[in-house]
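Below, chains carry the letters A, B, ... as their sequence lines are ordered, and counting in each starts from 1.
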There are 2 protein chains.
Amino acid sequence: MSLAEEVSIDLEVMFKALASERRLQILDWLKDPSENFPPQEHGDPDEHGACNQFIVEKLGVSQPAASRHLKVLTDAGLVIATSRKGWTYYRRNEEAIADLTRQIANHL
Amino acid sequence: MSLAEEVSIDLEVMFKALASERRLQILDWLKDPSENFPPQEHGDPDEHGACNQFIVEKLGVSQPAASRHLKVLTDAGLVIATSRKGWTYYRRNEEAIADLTRQIANHL
DNA sequence: CGTTCGTATAACAGGTTAGTTATATAGCTA
DNA sequence: TAGCTATATAACTAACCTGTTATACGAACG
């Protein structure tokens, strides 16, 4: 099987990750990090995504709560985390999201 | 606004309804009721869907548990319930599912 | 080094979900 | 009407989810 060939996605895991207003919000914000978050001194928002701290502030929940939402999204593969110089940046995994969308269209 | 115009679907509600192996299973079975369930004396499986009882048996949970899963799916609008002669039949709401799929493709 | 900053994990509380059994409701049928 | 069948609801329990505060870890810097 080629790598391009769709390996069946666990839809339940994906839907669980998406079944949260907060996480949907995060995914939406990450569509355009430089638009939705303040400028960052370190780390290009469009390359590595937004840093945890900004997401915490914008979500309006405690830092650990936001951190766990981001973990759920990364565990599902919908978001990619990059740690650099003590900061962690999050960006959408567009490929995984596209795969998921395709799978939903084909199999739901 | 015309009725054909897409009124924004509550994605969180939909994803919550879909975030369950059992309910995904039900939706899959209902793609082809006459294939996946025993023949019914009453009610055309391809027109009205499968009756609750068969779904209960195939799910392998208690009747009330299955009944509630079906309620979650119907409340989300993904499944349509038809009561007739004391039986209740369930079928997929293909239009709603297509709308949802489209919304996911556009906005996820 | 020791402190500070950013993030992750631990421990706990409250609400929700999903299962169970028991019971109610509604439509046939004898 | 009485009784049977199919389904829905109620009441309860265990597990899970999401928030909190407190704490640990790791990198940068005085």
Review point. Is a side-chain donor or acceptor of Asp28(B) paired with a backbone partner of Leu24(B) at a separation under 3.5 angstrom?
Key: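 No, the answer is negative, given that no donor and acceptor are paired below the 3.5 Å cut-off.
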
Check your understanding: Do any N or O atoms from the side chain of Thr101(B) and from the backbone of Ile97(B) form a donor-acceptor pair under 3.5 angstrom?
Key -> yes

If you look at every heavy atom in [X] and [Y], which pair is closest and at what distance?
| X | Y | result |
| --- | --- | --- |
| Asn93(B) | Gly77(B) | ND2-O, 3.0 Å |
| Leu27(B) | Leu18(B) | CD1-CD2, 3.5 Å |
| Ala66(A) | Val61(A) | N-CG2, 3.8 Å |

**Study point:** For Lys58(A), salt bridge (charged side-chain N to carboxylate O under 4.0 Å, His left out) partners two or more places apart
**Key:** none

Revision key, fill the gap. The salt bridge (charged side-chain N to carboxylate O under 4.0 Å, His left out) partners of Arg23(B) (sequence neighbours excluded) come to none

Connected via hydrophobic side-chain network under 4.5 Å: [X] and [Y]:
| X | Y | result |
| --- | --- | --- |
| Ile104(B) | Ile9(A) | yes |
| Val56(A) | Val79(A) | no |
| Leu11(A) | Leu100(B) | yes |
| Ile26(B) | Ile80(B) | no |

Grab the N/O contacts between the protein and nucleotides 1-5 of chain C below 3.5 Å, and write none if there aren't any.
none

**Study point:** Sorted by number, the residues of residues 57-76 of chain B with heavy-atom contact under 4.0 Å to DNA chain C
**Key:** Val61(B), Ser62(B), Pro64(B), Ala65(B), Arg68(B), His69(B)

Check your understanding: From Gln25(B) CD over to Leu30(B) CG, what is the distance, rounded to the nearest 0.5 angstrom?
Key -> 10.5 Å

Revision key, fill the gap. NZ of Lys16(B) to CG of Asp10(B), rounded to nearest 0.5 Å, is 9.5 Å

**Study point:** Where chain A begins and ends its contact with DNA chain D, read 5' to 3' at 4.0 Å from heavy atoms
**Key:**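 Using the under 4.0 Å cut-off, the span is dT18(D) to dA28(D).
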
Exercise for review: Could you tell me the separation between the NZ atom of Lys16(B) and the P atom of dG15(C), rounded to a whole number of Å?
Suggested key: 16 Å

Review point. Side-chain N or O of Tyr89(A) less than 4.0 angstrom from OP1 or OP2 on dT7(C)?
Key: no

Practice item. Please list residues of residues 19-27 of chain A whose heavy atoms come under 4.0 Å from any atom in DNA chain D, ordered by number; otherwise none. Key: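 Arg22(A), Arg23(A) - these, ordered by number, are the residues of the stretch whose heavy atoms sit under 4.0 Å from the strand.
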
